[in-house]
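Here's the structure, in C-alpha coordinates; my notes come after.
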Amino acid sequence: MNTHGIVIPDFTEFTKHDVVDSVALTLSQAFRQHSKSKGQALDIDRFIDWLDISTEWDCFDDENSVSCFARIDLSTDDLIQINQNYQDLFESRPDVYRVCVGHEAGHIVLRHVSNFANSNNPSLFEDISKDQPNFLHKNSWAQYGLSSGEVRKRQLALTAAQEKLVKNAIVSPKANQALREMENKFEPEWMFWQAEHFARCIAIPSDKLFAILENQPLYSGWRAIGELAGFFQVPLGTMKTRLTKLKLVEMDVDGTPTPILGNRDTQRLL
(Lines give C-alpha, C1' and ligand atoms only; values in the text may rest on other atoms or scores of the structure.)
Protein backbone atom coordinates (compact mmCIF):
# COMPACT_ATOMS: atom_id res chain seq x y z
CA MET A 1 0.00 0.00 0.00
CA ASN A 2 1.15 3.50 -0.85
CA THR A 3 -0.14 6.29 1.41
CA HIS A 4 1.81 8.93 -0.55
CA GLY A 5 3.65 10.19 2.51
CA ILE A 6 0.54 10.49 4.66
CA VAL A 7 1.25 9.13 8.13
CA ILE A 8 -1.34 6.60 9.30
CA PRO A 9 -1.39 6.17 13.10
CA ASP A 10 -1.76 2.79 14.75
CA PHE A 11 -5.39 1.91 15.30
CA THR A 12 -6.65 0.00 18.29
CA GLU A 13 -10.07 -0.67 19.74
CA PHE A 14 -9.68 2.55 21.76
CA THR A 15 -9.07 4.79 18.74
CA LYS A 16 -11.93 7.24 18.33
CA HIS A 17 -13.84 7.50 15.08
CA ASP A 18 -12.76 11.14 14.81
CA VAL A 19 -9.26 9.86 14.03
CA VAL A 20 -10.66 7.62 11.30
CA ASP A 21 -12.48 10.65 9.88
CA SER A 22 -9.28 12.73 9.94
CA VAL A 23 -7.26 10.07 8.12
CA ALA A 24 -9.99 9.60 5.51
CA LEU A 25 -10.24 13.35 4.91
CA THR A 26 -6.48 13.76 4.48
CA LEU A 27 -6.37 10.88 2.00
CA SER A 28 -9.43 12.20 0.18
CA GLN A 29 -7.93 15.66 -0.25
CA ALA A 30 -4.61 14.25 -1.49
CA PHE A 31 -6.38 11.93 -3.92
CA ARG A 32 -8.58 14.73 -5.26
CA GLN A 33 -5.56 16.93 -5.81
CA HIS A 34 -3.76 14.09 -7.59
CA SER A 35 -6.66 12.95 -9.75
CA LYS A 36 -8.19 16.38 -10.38
CA SER A 37 -11.52 14.61 -10.00
CA LYS A 38 -14.71 16.52 -10.61
CA GLY A 39 -18.15 15.91 -9.18
CA GLN A 40 -19.12 14.62 -5.77
CA ALA A 41 -19.01 10.84 -6.16
CA LEU A 42 -15.80 9.03 -5.25
CA ASP A 43 -14.29 6.88 -7.99
CA ILE A 44 -13.49 4.04 -5.63
CA ASP A 45 -11.57 2.02 -8.25
CA ARG A 46 -9.24 4.93 -9.01
CA PHE A 47 -8.86 5.59 -5.30
CA ILE A 48 -7.69 2.09 -4.44
CA ASP A 49 -5.44 2.06 -7.51
CA TRP A 50 -3.88 5.29 -6.20
CA LEU A 51 -3.23 3.51 -2.90
CA ASP A 52 -1.64 0.58 -4.78
CA ILE A 53 -4.26 -1.79 -3.40
CA SER A 54 -5.00 -4.70 -5.71
CA THR A 55 -8.43 -6.13 -6.46
CA GLU A 56 -9.62 -9.33 -8.02
CA TRP A 57 -13.02 -10.84 -8.75
CA ASP A 58 -13.60 -14.32 -7.41
CA CYS A 59 -16.58 -16.55 -6.76
CA PHE A 60 -16.81 -17.60 -3.14
CA ASP A 61 -19.76 -18.98 -1.30
CA ASP A 62 -21.40 -17.30 1.66
CA GLU A 63 -20.39 -19.05 4.84
CA ASN A 64 -22.48 -19.79 7.89
CA SER A 65 -25.44 -17.70 6.64
CA VAL A 66 -23.25 -14.62 6.19
CA SER A 67 -23.41 -12.76 2.89
CA CYS A 68 -19.88 -11.87 1.89
CA PHE A 69 -19.65 -9.14 -0.74
CA ALA A 70 -15.88 -8.75 -0.51
CA ARG A 71 -13.02 -9.84 1.70
CA ILE A 72 -9.31 -9.50 2.37
CA ASP A 73 -6.93 -12.42 2.22
CA LEU A 74 -4.98 -12.11 5.46
CA SER A 75 -1.96 -13.76 3.90
CA THR A 76 -1.40 -10.77 1.59
CA ASP A 77 -3.00 -7.73 3.35
CA ASP A 78 -3.11 -5.53 0.23
CA LEU A 79 -5.59 -7.47 -1.91
CA ILE A 80 -9.35 -7.03 -1.95
CA GLN A 81 -11.31 -9.95 -3.34
CA ILE A 82 -14.74 -9.01 -4.66
CA ASN A 83 -17.43 -11.67 -4.79
CA GLN A 84 -18.43 -12.21 -8.41
CA ASN A 85 -21.66 -13.81 -7.22
CA TYR A 86 -22.83 -10.26 -6.45
CA GLN A 87 -21.65 -8.66 -9.67
CA ASP A 88 -25.22 -8.06 -10.81
CA LEU A 89 -25.95 -6.27 -7.53
CA PHE A 90 -22.86 -4.09 -7.87
CA GLU A 91 -23.72 -3.23 -11.46
CA SER A 92 -27.26 -2.18 -10.52
CA ARG A 93 -26.18 -0.54 -7.25
CA PRO A 94 -22.81 1.19 -7.75
CA ASP A 95 -23.51 3.01 -4.48
CA VAL A 96 -23.33 -0.33 -2.67
CA TYR A 97 -20.12 -1.22 -4.51
CA ARG A 98 -18.57 2.12 -3.53
CA VAL A 99 -19.02 1.70 0.22
CA CYS A 100 -18.44 -2.05 0.17
CA VAL A 101 -14.99 -1.73 -1.43
CA GLY A 102 -14.37 1.34 0.74
CA HIS A 103 -14.94 -0.83 3.81
CA GLU A 104 -12.30 -3.35 2.72
CA ALA A 105 -9.92 -0.54 1.80
CA GLY A 106 -10.45 0.79 5.32
CA HIS A 107 -9.11 -2.43 6.82
CA ILE A 108 -5.95 -2.08 4.74
CA VAL A 109 -5.44 1.66 5.23
CA LEU A 110 -5.99 1.40 8.99
CA ARG A 111 -3.59 -1.57 9.02
CA HIS A 112 -6.01 -3.86 10.80
CA VAL A 113 -4.44 -6.91 9.19
CA SER A 114 -0.85 -6.27 10.20
CA ASN A 115 -1.70 -4.86 13.62
CA PHE A 116 -4.11 -7.59 14.69
CA ALA A 117 -1.59 -10.34 15.29
CA ASN A 118 0.48 -8.68 17.98
CA SER A 119 1.14 -9.25 21.64
CA ASN A 120 -2.18 -7.76 22.69
CA ASN A 121 -4.40 -9.75 20.34
CA PRO A 122 -4.85 -13.42 19.54
CA SER A 123 -3.57 -14.41 16.13
CA LEU A 124 -6.18 -14.81 13.41
CA PHE A 125 -3.98 -17.52 11.96
CA GLU A 126 -4.17 -19.75 15.00
CA ASP A 127 -5.01 -23.33 14.03
CA ILE A 128 -5.40 -22.33 10.36
CA SER A 129 -3.23 -24.31 7.98
CA LYS A 130 -1.09 -22.60 5.35
CA ASP A 131 -3.19 -24.28 2.66
CA GLN A 132 -6.36 -22.75 4.08
CA PRO A 133 -6.01 -18.94 4.08
CA ASN A 134 -8.16 -16.98 6.45
CA PHE A 135 -10.22 -13.96 5.49
CA LEU A 136 -11.43 -10.77 7.04
CA HIS A 137 -15.07 -9.96 6.34
CA LYS A 138 -18.42 -9.52 7.99
CA ASN A 139 -22.11 -9.16 7.20
CA SER A 140 -22.85 -5.55 6.25
CA TRP A 141 -26.27 -5.74 4.59
CA ALA A 142 -27.88 -3.24 6.96
CA GLN A 143 -25.50 -0.47 5.90
CA TYR A 144 -26.34 -0.68 2.22
CA GLY A 145 -29.98 0.34 2.12
CA LEU A 146 -31.23 -3.15 1.33
CA SER A 147 -34.48 -4.66 2.48
CA SER A 148 -34.89 -4.60 6.26
CA GLY A 149 -36.70 -7.93 5.99
CA GLU A 150 -33.77 -9.49 4.19
CA VAL A 151 -31.32 -8.08 6.71
CA ARG A 152 -33.37 -9.44 9.60
CA LYS A 153 -33.69 -12.85 7.96
CA ARG A 154 -29.94 -13.15 7.48
CA GLN A 155 -29.18 -11.92 10.98
CA LEU A 156 -31.55 -14.50 12.48
CA ALA A 157 -30.00 -17.25 10.35
CA LEU A 158 -26.52 -16.29 11.50
CA THR A 159 -27.58 -16.16 15.14
CA ALA A 160 -29.26 -19.56 14.86
CA ALA A 161 -26.16 -21.09 13.28
CA GLN A 162 -23.93 -19.66 16.00
CA GLU A 163 -26.24 -20.80 18.82
CA LYS A 164 -26.37 -24.30 17.39
CA LEU A 165 -22.59 -24.49 17.24
CA VAL A 166 -22.28 -23.15 20.80
CA LYS A 167 -24.61 -25.89 22.10
CA ASN A 168 -22.86 -28.62 20.14
CA ALA A 169 -19.40 -27.36 21.05
CA ILE A 170 -19.96 -28.38 24.65
CA VAL A 171 -19.95 -32.06 23.71
CA SER A 172 -18.39 -32.08 20.25
CA PRO A 173 -14.74 -31.17 19.56
CA LYS A 174 -15.62 -30.93 15.85
CA ALA A 175 -18.37 -28.39 16.53
CA ASN A 176 -16.04 -26.46 18.82
CA GLN A 177 -13.49 -26.21 16.02
CA ALA A 178 -16.23 -25.09 13.59
CA LEU A 179 -17.26 -22.37 15.99
CA ARG A 180 -13.71 -21.12 16.33
CA GLU A 181 -13.28 -21.07 12.55
CA MET A 182 -16.56 -19.13 12.17
CA GLU A 183 -15.42 -16.52 14.67
CA ASN A 184 -11.95 -16.33 13.12
CA LYS A 185 -13.40 -15.41 9.73
CA PHE A 186 -14.95 -12.23 11.11
CA GLU A 187 -13.10 -9.14 12.15
CA PRO A 188 -13.62 -8.00 15.75
CA GLU A 189 -16.45 -5.52 16.25
CA TRP A 190 -14.15 -2.53 16.65
CA MET A 191 -12.36 -3.31 13.38
CA PHE A 192 -15.65 -3.71 11.57
CA TRP A 193 -17.02 -0.37 12.75
CA GLN A 194 -13.75 1.48 12.08
CA ALA A 195 -13.67 0.14 8.53
CA GLU A 196 -17.35 0.95 8.10
CA HIS A 197 -16.75 4.50 9.31
CA PHE A 198 -13.78 4.86 6.97
CA ALA A 199 -15.98 3.82 4.03
CA ARG A 200 -18.52 6.51 4.94
CA CYS A 201 -15.88 9.19 5.45
CA ILE A 202 -13.96 8.51 2.26
CA ALA A 203 -17.16 8.44 0.20
CA ILE A 204 -18.57 11.54 1.94
CA PRO A 205 -15.61 13.79 2.84
CA SER A 206 -16.60 16.32 5.49
CA ASP A 207 -15.20 19.31 3.59
CA LYS A 208 -17.25 18.53 0.48
CA LEU A 209 -20.33 17.80 2.58
CA PHE A 210 -20.15 21.10 4.44
CA ALA A 211 -19.54 22.98 1.20
CA ILE A 212 -22.81 21.60 -0.16
CA LEU A 213 -24.69 22.30 3.05
CA GLU A 214 -23.64 25.93 3.01
CA ASN A 215 -25.81 26.37 -0.07
CA GLN A 216 -28.34 23.64 0.59
CA PRO A 217 -29.22 23.61 4.32
CA LEU A 218 -30.57 20.55 6.05
CA TYR A 219 -34.27 20.29 6.78
CA SER A 220 -36.47 17.68 8.41
CA GLY A 221 -37.42 14.56 6.50
CA TRP A 222 -35.78 11.91 4.36
CA ARG A 223 -35.84 13.95 1.15
CA ALA A 224 -32.90 16.12 2.20
CA ILE A 225 -30.85 13.03 3.08
CA GLY A 226 -31.87 11.39 -0.19
CA GLU A 227 -30.67 14.41 -2.14
CA LEU A 228 -27.30 14.34 -0.39
CA ALA A 229 -27.02 10.58 -0.96
CA GLY A 230 -27.64 11.27 -4.63
CA PHE A 231 -24.88 13.89 -4.74
CA PHE A 232 -22.32 11.48 -3.32
CA GLN A 233 -23.90 8.36 -4.85
CA VAL A 234 -24.01 6.40 -1.61
CA PRO A 235 -26.85 4.41 -0.04
CA LEU A 236 -29.44 6.37 1.90
CA GLY A 237 -28.51 4.59 5.14
CA THR A 238 -24.86 5.50 4.67
CA MET A 239 -25.70 9.19 4.32
CA LYS A 240 -28.06 9.12 7.31
CA THR A 241 -25.40 7.54 9.49
CA ARG A 242 -22.76 10.01 8.29
CA LEU A 243 -24.95 12.98 9.23
CA THR A 244 -25.83 11.36 12.55
CA LYS A 245 -22.17 10.74 13.41
CA LEU A 246 -21.42 14.38 12.60
CA LYS A 247 -24.25 15.33 14.98
CA LEU A 248 -26.04 17.21 12.23
CA VAL A 249 -29.26 15.20 12.40
CA GLU A 250 -31.09 13.03 14.86
CA MET A 251 -34.14 10.81 14.62
CA ASP A 252 -37.31 12.22 16.16
CA VAL A 253 -39.95 10.14 17.94
CA ASP A 254 -41.54 9.26 14.59
CA GLY A 255 -38.26 8.08 13.09
CA THR A 256 -37.88 11.17 10.92
CA PRO A 257 -34.42 12.74 10.47
CA THR A 258 -34.34 16.22 11.98
CA PRO A 259 -31.52 18.79 12.05
CA ILE A 260 -29.93 19.25 15.47
CA LEU A 261 -30.45 22.96 16.00
CA GLY A 262 -28.19 23.09 19.04
CA ASN A 263 -25.20 21.85 17.06
CA ARG A 264 -22.71 24.61 16.28
CA ASP A 265 -22.15 23.49 12.70
CA THR A 266 -25.84 23.02 12.07
CA GLN A 267 -26.59 26.50 13.35
CA ARG A 268 -23.97 27.90 11.01
CA LEU A 269 -25.46 25.96 8.10
CA LEU A 270 -29.05 26.83 8.86
Side-chain angles (χ1 to χ4, degrees), residues 1-9 11 17-58 68-73 76-84 86-87 89-114 136-138 140 143-145 187 191-212 228-235 237-239 241-242 245-246:
M1 180 183 66
N2 182 1
T3 61
H4 302 275
I6 296 171
V7 177
I8 309 297
F11 281 79
H17 279 190
D18 287 349
V19 181
V20 177
D21 202 332
S22 177
V23 168
L25 179 59
T26 303
L27 287 171
S28 172
Q29 291 173 335
F31 170 68
R32 280 180 269 155
Q33 183 177 9
H34 164 80
S35 62
K36 296 179 173 59
S37 60
K38 298 180 179 179
Q40 305 300 339
L42 169 69
D43 187 332
I44 188 64
D45 290 321
R46 289 187 67 189
F47 176 68
I48 58 179
D49 283 345
W50 177 69
L51 292 172
D52 288 342
I53 296 175
S54 303
T55 60
E56 68 177 17
W57 289 82
D58 193 11
C68 179
F69 292 160
R71 65 189 185 184
I72 297 173
D73 185 339
T76 60
D77 84 9
D78 61 354
L79 171 66
I80 298 174
Q81 293 183 326
I82 307 169
N83 196 341
Q84 197 161 4
Y86 292 105
Q87 186 170 359
L89 171 65
F90 293 142
E91 290 175 351
S92 63
R93 294 288 303 274
D95 56 329
V96 171
Y97 177 81
R98 183 169 290 106
V99 293
C100 175
V101 175
H103 175 105
E104 302 306 327
H107 282 309
I108 296 174
V109 170
L110 305 180
R111 299 201 300 271
H112 286 161
V113 176
S114 59
L136 194 65
H137 66 76
K138 192 167 185 171
S140 303
Q143 296 295 318
Y144 301 140
E187 68 265 44
M191 286 188 183
F192 172 79
W193 291 115
Q194 283 184 5
E196 200 74 353
H197 192 57
F198 179 88
R200 287 190 293 264
C201 295
I202 201 66
I204 313 167
S206 57
D207 59 345
K208 296 179 74 173
L209 175 62
F210 282 117
I212 291 176
L228 288 172
F231 280 134
F232 290 95
Q233 296 181 32
V234 297
T238 298
M239 179 56 69
T241 302
R242 182 73 167 122
K245 291 287 187 181
L246 287 170

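Between H34 and F31, the angle of the ring planes lies from 30° to 60°, which puts this pair in the tilted group. Between F11 and H112, the ring planes are perpendicular. Angles over 60° get that label, and only those under 30° would be called parallel. Taking the six-membered ring where the residue is Trp, W50 and H4 present parallel rings, their angle staying beneath 30° rather than reaching 60°. Taking the six-membered ring for Trp and thresholds of 30 and 60 degrees, H197 and H17 have nearly parallel ring planes, at less than 30 degrees apart.
Here H107 and F198 keep their ring centres 6.0 angstrom or further from each other.
Between the side chains of Q29 and Q33, no donor-acceptor pair of N or O atoms lies under 3.5 Å. Side-chain contact, R242 with T238: no donor N or O sits under 3.5 Å from an acceptor N or O.
The shortest distance between side-chain heavy atoms of F69 and L89 falls below 4.5 Å. You'll find the side chain of P9 reaches within 4.5 Å of the side chain of V23, heavy atoms only. Between S28 and F47, the closest side-chain pair of non-hydrogen atoms is not below 4.5 Å.
Taking each heavy atom of Q40 and F231 in turn, the nearest pair found is CB-O, 3.0 Å.
Side-chain atoms of K208 do not come within 3.5 Å of backbone N or O of A41 as any donor-acceptor pair. Using modelled atom types, one side-chain atom of R111 and one backbone atom of I8 make a donor-acceptor pair closer than 3.5 Å. Using modelled atom types, one side-chain atom of T241 and one backbone atom of G237 make a donor-acceptor pair closer than 3.5 Å. Distance alone, capped at 3.5 Å, is enough to place a donor-acceptor pair between the R98 side chain and the Q233 backbone.
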